[in-house]
Amino acid sequence: MATPVKVAKTDSWDECFNAAVEVAREAGEEIRSAFSSEKRIETKSCAVDLVTETDQKVEEMIISTLRGKFPTHSFIGEESAAAGEKVELTDNPTWIIDPVDGTTNFVHGFPFVAVSIALSVNKEVVVGVVYNAILDQMFTGQLGKGAFMNGKPIHVSGQEDLSQSLLISEFGSSRDKEKMDLVFSNLGSFLNEKNSAHGLRSMGSAALNMSHVACGGGDAYFEFGIHCWDVAAGFLVVKEAGGVILDTAGGPFDMMSRRVLCASSEKLARTIAEGLTQMELPRD
Ligand code: LIP
């Protein structure tokens, strides 16, 4: 097992950031070249939870590249977890990886497919990279250094008013009745005659949903059932873009709790948290 490393907050993670951007680009090339080809599709937890050979191949490539550069670091990856590896977030520098966030999009050729790579140190995310491989949009965040898209600074919209907001949410990859009832009832809370946002979008990728809140295209995003690899990198991109990330009930965000709410302002986040019916999920 890797030796835990205690690190002061002021440490620079530039080398890790550069490595993450570089490997995300490499992964992006692999994803782009497979995007329009025929894919071998398998299912995981249920018939709508999809995985392809590209997800597995890209995760292996990212982990072996980063492990070669940072041999003492730990790793959490979506496909490694699916293959039975323990998901354990410790204080040790830990890379949290979703090789293809938006696998259903990838399968169907819908161009919202991202590589999501985060580095957590002492359980704090210090590097976040979300790369839309198809549209060539690189969203990045480094703790204390701001958020960027293709090198240009990005910022949340600052919107506070639900009635003026564009919301983002997802249907998820489970069709469990209790979960689906919750999804539809929560969407209905913000899209009705008495209380309505301007609209609602689902891009099929938590990491991209968060990145689009970070650059002000969407005003808030919430979802129940995501995993730490879906949101770890997006978390830092939103935070560094001036956004707010909370638990869906309005408490502090807990990356392993499978619930996320992020918004362009504290006020909007609180309004949404109050309107949501909550659900507990088994932790990562
Ligand atoms: C996806 C998430 C999305 C969620 C999907 C799925 P994947 O991740 O980003 O928010 O609604 O069910 O979990 O499986 O494409 O990496």
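Keep in mind that the numbers below use all heavy atoms, side chains included, and drop hydrogens, waters and symmetry copies. First listed ligand is number 1; within each ligand, the first listed atom is number 1. It should be emphasised that the depicted structure is a prediction, and the values quoted were computed from it without experimental measurement.
Distances between N or O atoms of D49 and those of ligand 1 include no value under 3.5 Å. Considering backbone and side-chain N/O atoms, F171 never comes within less than 3.5 Å of an N/O atom of ligand 1. For ligand 1, the polar-atom distance check against E78 finds a nitrogen or oxygen pair separated by under 3.5 Å. Residue I226 places no N or O, backbone or side chain, under 3.5 Å from any N or O of ligand 1. Every N/O-N/O distance between A207 and ligand 1 stays at or above 3.5 Å.
Annotation: cation-pi pair K145/F148 absent, no NZ/CZ under 6.0 Å from the ring centroid and within 45° of its normal.
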Let's go through R259 and E280 carefully: what are the C-alpha distance in whole Å and the side-chain angles of both, what is the deciding distance for salt bridge (charged side-chain N to carboxylate O under 4.0 Å, His left out) to 0.1 Å, and is it a yes or a no? CA-CA 8 Å; R259 309 168 5 149; E280 292 293 329; 3.8 Å; yes

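Ring orientation note: the planes of F112 and F110 are tilted relative to one another, at an angle of 30° to 60°. Ring geometry for F253 versus F235: interplanar angle under 30°, hence parallel rather than tilted (30 to 60°).
Here is the list of ligand 1 atoms found below 4.0 Å of a heavy atom in T103: 15 (O). In summary, the atoms of ligand 1 found under 4.0 Å from a heavy atom of G102, numbered by their order in the structure, are 7 (P), 15 (O), 16 (O). Every atom of ligand 1 with a heavy atom of E170 under 4.0 Å away is listed here by number and element: 10 (O), 11 (O). Atoms of ligand 1 lying under 4.0 Å from at least one heavy atom of S205, given by number and element, are 9 (O). The ligand atoms of ligand 1 that sit less than 4.0 angstrom from a heavy atom of D98 are 16 (O). The ligand atoms of ligand 1 that sit less than 4.0 angstrom from a heavy atom of G172 are 11 (O), 12 (O).
No donor-acceptor contact under 3.5 angstrom links the side chains of Q164 and D219, judged on distance only. A side-chain donor from one of D55 and T103 sits under 3.5 Å from a side-chain acceptor of the other. Under 3.5 Å, the side chains of N92 and T90 contain no donor-acceptor pair of N or O atoms.
Counting heavy atoms closer than 4.0 Å to ligand 1, residue A206 contributes atoms from both its backbone and its side chain. Proximity of E223 to ligand 1, defined as any heavy-atom pair under 4.0 Å, is confined to the side chain (atoms from C-beta onward).
For atom 2 (C) of ligand 1, the closest heavy atom belonging to the protein is D101 OD1, 3.6 Å. Of the protein's heavy atoms, S173 OG, 3.7 Å lies nearest to atom 13 (O) of ligand 1.
With respect to E79, the side chain to side chain donor-acceptor pair (under 3.5 Å) criterion is satisfied by exactly one of K44, K57, Q56: K44.
For the pair E29 and R25, the salt-bridge criterion is not met [side-chain N within less than 4.0 Å of a carboxylate O].
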Donor-acceptor contacts under 3.5 Å from residues 62-69 side chains, at least two apart:
unit_1 : atom_1 : unit_2 : atom_2 : d
S64    : OG     : E60    : O      : 3.2
S64    : OG     : M61    : O      : 3.4
T65    : OG1    : M61    : O      : 2.8

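Contact annotation: V100 has at least one heavy atom less than 4.0 Å from an atom of ligand 1.
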